[in-house]
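The next block holds one structure in the form of structure tokens; read it before the comments.
Because the structure is a prediction, the values reported are computed rather than measured.
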Amino acid sequence: MKEVVSSCILPQSHRTSSLRTIANMLDNGGVCGIPTDTVYALAASCKHPEAINRIYSIKERPSEKPICICISNLDQLRIINPPFSPLLWNFMDLVYPGGISCIVQKGEWLKKLGVGPAYETVGTNDSIMIRVPDHTVTAHLTDMTGPLAITSANPSGESDSTHHDMVITRLSDKLDAVLCDGYSNELVGSTVVNCTKINEGIIKILREGCVPTTKIMQLFERAKNTPGVL
């Protein structure tokens, strides 16, 4: 690992104080590298659209590529009662938390969730991708901060970061902090599923990641076969 000469701090994930430090940085408009249940991610608070724009610059990410949101659990969605169909709810109950990202229709419900300031900055004009990682550290962090905008912690077009050292080596000079958690749980990112036409009985795998397509389709069939859904 190269010597870090930037002001990027490197707290350890097993300390509660480290999570508070990262949460405070994000709440104040910082951009941090964090672990997830798949690979490391860059995170910014949805309270700070300018921080989300920084992620694009840090990664040199094309502006046409949307950034998803990360929440700690589905109860955060249930409380605000978005207009999701029973089939979509059943499917999300089966896949979350886990290494799957569901794309759903955007709406005013996002503002109730806490995405308000970043509504125009995350997702596309009419859709948003949601992550609910199966990772204790990430869940606790997002409980502290509210919804985060996240994307993989690597320069655009390069391989995913599977250890905090990779994030530090490649991006620490542009980040405020990296939450160090050792090796990632996976070698690739989440599987991305377009659920915008789920009410027509259709889902589409846009990217196969750590969860195989066959597993996704099995879960979808289970969701459809739940009594009272269709």
Stepwise side-chain contact (heavy atoms from CB on, under 4.5 Å) check, Ser190 with Val211:
CA-CA 7 Å; Ser190 64; Val211 181; over 6 Å; no
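Annotation for Ala51 and Gly29: closest pair CB-O, 3.5 Å, computed over non-hydrogen atoms. Minimum heavy-atom separation, Val167 to Ala153: CG2-CB, 4.0 Å. Across every non-hydrogen atom of Ser85 and Asn199, the tightest pair is OG-OD1, 2.6 Å. Considering all non-hydrogen atoms of both residues, Cys46 and Ile52 come closest at CA-CD1, 4.3 Å. Between Thr226 and Arg222, the closest heavy-atom pair is OG1-O, 3.1 Å. Contact detail for Pro133 and Ile71: the closest heavy-atom pair is CD-O, 3.7 Å.
Counting non-hydrogen atoms of neighbouring residues, nucleotides and ligands closer than 6.0 angstrom, the NE2 atom of His140 reaches no more than 12 such neighbours.
The side chain to side chain donor-acceptor pair (under 3.5 Å) analysis of residues 176-185, with sequence neighbours excluded, yields the pairs Ser13-Asp181, Arg54-Asp176, His135-Asp181. Under the ring-ring contact (aromatic ring centres under 6.0 Å, His included) criterion, the residue pairs touching residues 81-110 are Phe84-Trp89, Phe84-Trp109, Phe91-Phe220, with sequence neighbours excluded. Within the structure, every pair that satisfies the salt bridge (Lys or Arg N to Asp or Glu O under 4.0 Å) test and touches residues 136-161, not counting sequence neighbours, is listed here: Glu158-Arg170. Among pairs with a residue in residues 25-52, those fulfilling salt bridge (Lys or Arg N to Asp or Glu O under 4.0 Å) read Asp27-Lys47, Asp37-Arg131, at least two apart in sequence or across chains. Note on residues 194-218: no pairs pass salt bridge (Lys or Arg N to Asp or Glu O under 4.0 Å), not counting sequence neighbours. Legend: salt bridge (Lys or Arg N to Asp or Glu O under 4.0 Å) pairs involving residues 78-102, not counting sequence neighbours, sorted by first then second residue: Asp75-Arg78, Arg78-Asp93. Within the structure, side chain to side chain donor-acceptor pair (under 3.5 Å) contacts touching residues 59-70 (residues at least two apart or in different chains) are Lys59-Ser152, Arg61-Thr151.
In terms of hydrophobic clustering, with Ile, Leu, Val, Met, Phe, Trp and Tyr side chains grouped at heavy-atom distances under 4.5 Å, Leu179 and Tyr40 are assigned to different clusters. Cluster annotation: Leu94 is not connected to Val192 through the hydrophobic network of ILVMFWY side chains, with a link wherever side-chain heavy atoms come within less than 4.5 Å.
Connectivity analysis of hydrophobic side chains (ILVMFWY, heavy atoms under 4.5 Å, direct or indirect) links Leu187 to nothing; its cluster partners are none. Taking Ile, Leu, Val, Met, Phe, Trp and Tyr as hydrophobic and joining them when side-chain heavy atoms fall under 4.5 Å apart, one finds Met166 isolated, its cluster having no other members. The hydrophobic cluster containing Val39, built from Ile/Leu/Val/Met/Phe/Trp/Tyr side-chain heavy atoms closer than 4.5 Å, comprises no other residue.
Formation of a donor-acceptor pair under 3.5 Å by the Thr38 side chain with backbone atoms of Gly99 is not found in this model. Thr142 contributes no side-chain N or O that, together with a main-chain N or O of Leu148, makes up a donor-acceptor pair within less than 3.5 Å. In this structure, Lys106 contributes its side chain and Asn125 its backbone to no donor-acceptor pair below 3.5 Å. Using a distance-only test at 3.5 Å, with no hydrogens or angles considered, a donor-acceptor pair links the side chain of Thr191 to the main chain of Gly209. Panel note: side chain Ser127, backbone Gly123; no donor-acceptor pair is recorded below 3.5 Å. Of the possible donor and acceptor atoms, none in the side chain of Ser172 sits under 3.5 Å from a partner among the backbone N and O of Thr169.
Residues forming a side chain to side chain contact (heavy atoms under 4.5 Å, CB included) with Lys112 (at least two apart in sequence, or on another chain): Ile80. Partners of Ala41 by side chain to side chain contact (heavy atoms under 4.5 Å, CB included), not counting sequence neighbours, listed by chain and number: Ile34, Thr36, Ile150.
Between atom CG of residue Leu206 and atom OG of residue Ser101 there is a gap of 10.0 Å, rounded to the nearest 0.5 Å. Considering OG1 of Thr21 and CG of Leu26, their distance stands at 11.0 Å, rounded to 0.5 Å. Between atom OG1 of residue Thr124 and atom CD of residue Gln105 there is a gap of 8.5 Å, rounded to the nearest 0.5 Å. For the atom pair CG (Leu19) and CG (Asn24), the distance works out to 11.0 Å, reported to the nearest 0.5 Å. Here the CG atom belonging to Leu219 is positioned 8.5 Å from the CD1 atom belonging to Ile203, to the nearest 0.5 angstrom. To the nearest 0.5 angstrom, Cys102 atom SG is 7.5 Å from Ile216 atom CD1.
There is a side-chain donor-acceptor pair under 3.5 Å between Ser72 and Gln76. Counting only N and O atoms by type, the side chains of Ser45 and Thr145 include no donor and acceptor under 3.5 Å apart.
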